[in-house]
Amino acid sequence: MKKSGYSAEYAGSVVAAATTGGLIMPPVMGTSAFIMAEMLGIPYGEVCLIAAIPAVIYFASIFISTDLHAAKIGDLGKKNASDNKIRWGDSWHYLICLGVLVILLCVVQLSAAKACFWSILSLLISDYVRRLIQGKKMNLMEELRRVRDIFVKAAKGVLSVATACACAGIIVGVFSATGLNLRFSNMLVSLAGGSQVVLLLLSMVGAIILGMGLPSVSVYILMAIIIAPALIKTGIPPICAHMFLFYFGLMAPITPPVGVAFYVAAGIADGHPMRTGFHAFKLALPGFIMPFVFVYDSALLMQGRVPEILWAVIVCVLGLFALSVAIEGWFQRPLQLMVRLLLAFAAILIILPENVTSCLGIVVLALTLLLVIRSQRKECAL
């Protein structure tokens with residue numbers, strides 16, 4: 001991206017926002033999604049189905065923002081296209097592994113452990129076949145050492161997650177045994193003054209603060225045990241409450257001023273951490289907005305009839321498009337401050353969970369963009 005002309009900070013922010021989004025994108029979501037399935041007592045495949053629409057919208061919004069940014073600073077990437085060709089001969093076996101995992105999890109509905117075991121086995125076999133096809137020489141002892149190294153690396157990788165889950169389990173056990181989780185929930189409801197919006201904002205802030213120093217798995221477990229009962233008590237459906245906490249547990253690493261993801265991305269891209277963080281926050285803004293949207297309109301989580309789901313998707317995409325244009329300040333040309341404010345106002349109206357305000361916001365968006373296009377044509381004619 002830097003070779004194509006993007007600044008180091010913007011390149012790092014795209015990496016931070018996109019990799020964070022990988023944890024909410026089915027079919028292979030973050031560890032927290034598997035724990036959510038256990039807590040809610042539903043198959044993991046159903047969690048994938050529920051999470052699909054918000055995840056696609058999240059990445060669509062990032063695509064829109066980066067496309068607008070590329071247009072704003074010039075047509076980028078074409079000069080290096082020849083250097084970035086995908087070498088399918090070296091990577092097709094990963095698709096087989098992913099396909100096996102998706103089928104076993106979502107169609108056959110095996111447990112996560114069994115599905116992962118068979119997908120890893122399919123990866124090893126398909127990799128062996130790939131190298132046979134390419135005519136690469138293989139030594140038995142080297143292959144055994146390679147498999148051993150794989151298991152050693154996997155065991156080391158599991159340690160951090162296992163330790164976090166174990167520590168969180170101790171805290172959860174203490175909260176459950178003493179009844180502190182219920183008391184804490186009642187305290188939160190009282191602190192919010194019975195207001196659902198205030199309670200959601202408090203939950204968001206709590207998840208982000210916890211996420212500054214804990215892995216996302218630990219954050220979700222703690223929030224699900226302590227906060228979820230309070231959200232459910234105010235009338236929020238359990239799946240919406242858990243998904244809300246799940247999202248904000250993942251958004252913490254790209255939330256300034258303390259965010260592990262954008263600090264790491266800035267180091268790799270050799271950019272300024274804070275500027276990278278604020279760029280990443282802007283790109284990931286849909287991840288902060290959508291949880292509030294699907295709490296009040298569960299159609300985004302495929303809860304409802306098909307027309308309701310389609311309308312929710314259209315409204316959310318249009319709202320986030322308006323917001324992206326307002327933030328980037330570009331739509332075929334640089335936009336004036338007043339136009340950007342109008343677009344931001346239209347985005348707020350569209351995203352609000354009321355059909356009347358959504359329709360009004362769509363009208364404001366359409367009229368604003370028409371005015372921009374018309375003024376641009378007049379300038380070109382002159």
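Just so it is clear, the model here is predicted, and its values are computed rather than measured.
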Linked, directly or transitively: [X] and [Y] (ILVMFWY side chains, under 4.5 Å):
X      : Y      : value
Phe117 : Ile125 : yes
Ile373 : Ile362 : yes
Phe331 : Ile64  : yes
Leu245 : Met39  : yes
Val315 : Ile289 : no

Side chain to side chain donor-acceptor pair (under 3.5 Å): pairs with one or both residues in [range], sequence neighbours excluded:
range            : answer
residues 262-273 : none
residues 235-261 : Tyr220-His242
residues 12-26   : none
residues 117-126 : none

At what distance, to the nearest 0.5 angstrom, does [atom1] of [X] lie from [atom2] of [Y]?
X      : Y      : atom1 : atom2 : result
Thr368 : Met338 : OG1   : CE    : 11.5 Å
Leu23  : Phe246 : CG    : CZ    : 7.0 Å
Glu142 : Asp149 : CD    : CG    : 11.5 Å
Leu68  : Ile73  : CG    : CD1   : 11.5 Å
Met290 : Met243 : CE    : CE    : 11.0 Å
Leu110 : Leu101 : CG    : CG    : 10.5 Å

Heavy-atom side-chain contact between [X] and [Y] under 4.5 Å:
X      : Y      : answer
Pro238 : Leu40  : yes
Leu123 : Ile96  : no
Val56  : Met25  : yes
Tyr296 : Leu352 : no
Leu343 : Leu369 : yes
Ile150 : Leu124 : yes
Val15  : Ile268 : no

Quiz item: Between Phe281 and Phe288, is the ring centre distance below 6.0 Å?
Solution: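 Yes, the ring centres sit under 6.0 Å apart.
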Quiz item: Is the centre of the Phe59 ring less than 6.0 Å from the centre of the Phe63 ring?
Solution: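 Ring centres of Phe63 and Phe59 not closer than 6.0 Å.
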Enumerate donor-acceptor pairs with a distance under 3.5 Å from any side-chain N or O in residues 318-330 to protein atoms, sequence neighbours excluded.
from   : atom 1 : to     : atom 2 : distance (Å)
Ser324 : OG     : Ser65  : OG     : 3.3
Ser324 : OG     : Leu320 : O      : 2.8
Glu328 : OE1    : His69  : ND1    : 3.3
Glu328 : OE1    : Lys72  : NZ     : 3.3

Quiz item: Can you name the residues that form a side-chain contact (heavy atoms from CB on, under 4.5 Å) with Val14, not counting sequence neighbours?
Solution: Met1, Tyr10, Thr66, Leu283
Exercise. Quick one: list whatever passes side-chain contact (heavy atoms from CB on, under 4.5 Å) with Asp127, sequence neighbours left out.
Key: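 Applying side-chain contact (heavy atoms from CB on, under 4.5 Å) to Asp127 gives His93, Arg130, Arg131, Arg146.
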Practice problem: May I have the step-by-step check of side-chain contact (heavy atoms from CB on, under 4.5 Å) for Leu231 and Val295, ending in yes or no? | Solution: CA-CA 10 Å; Leu231 296 176; Val295 160; over 6 Å; no
Self-check item: Passing candidate, side-chain contact (heavy atoms from CB on, under 4.5 Å) with Phe292, options Leu200, Ile351, Asp297
Solution: Leu200
Quiz prompt | Set of residues satisfying side chain to side chain donor-acceptor pair (under 3.5 Å) with respect to Glu354, sequence neighbours excluded | solution = none
Practice problem: Kindly write out the residues that satisfy side chain to side chain donor-acceptor pair (under 3.5 Å) with Arg305, not counting sequence neighbours, or none if the list is empty. | Solution: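 Arg305: side chain to side chain donor-acceptor pair (under 3.5 Å) contacts with Glu308.
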Quiz prompt | Flag if over 12 foreign heavy atoms under 6.0 Å of CZ, Phe345 | solution = no
Practice problem: Could you give me the CA-CA distance, side-chain angles and deciding distance for Ile42 and Met36, then say whether side-chain contact (heavy atoms from CB on, under 4.5 Å) is met? | Solution: CA-CA 9 Å; Ile42 60 177; Met36 186 195 304; over 6 Å; no
Atom pairs and distances, donor-acceptor, side-chain atoms in residues 43-55, under 3.5 Å, two or more places apart:
from  : atom 1 : to    : atom 2 : distance (Å)
Tyr44 : OH     : Pro27 : O      : 2.8
Tyr44 : OH     : Met29 : N      : 3.0

Nearest heavy-atom neighbours spanning [X] and [Y]:
X      : Y      : answer
Ile254 : Ala261 : CG2-CB, 3.8 Å
Ile236 : Gln196 : CG1-NE2, 3.5 Å
Gly287 : Phe248 : O-CE2, 4.5 Å
Ser298 : Cys240 : CB-SG, 3.7 Å
Gly12  : Ala265 : O-CB, 3.2 Å
Ser358 : Trp311 : CB-CZ2, 4.2 Å

Practice problem: Mind checking salt bridge (Lys or Arg N to Asp or Glu O under 4.0 Å) for Arg275 and listing every partner two or more places apart, or none if nothing turns up? | Solution: Glu9
Cut-off 3.5 Å, no hydrogens considered: what does the side-chain donor-acceptor table look like for residues 202-209, sequence neighbours left out?
from   : atom 1 : to     : atom 2 : distance (Å)
Ser203 : OG     : Leu199 : O      : 2.8

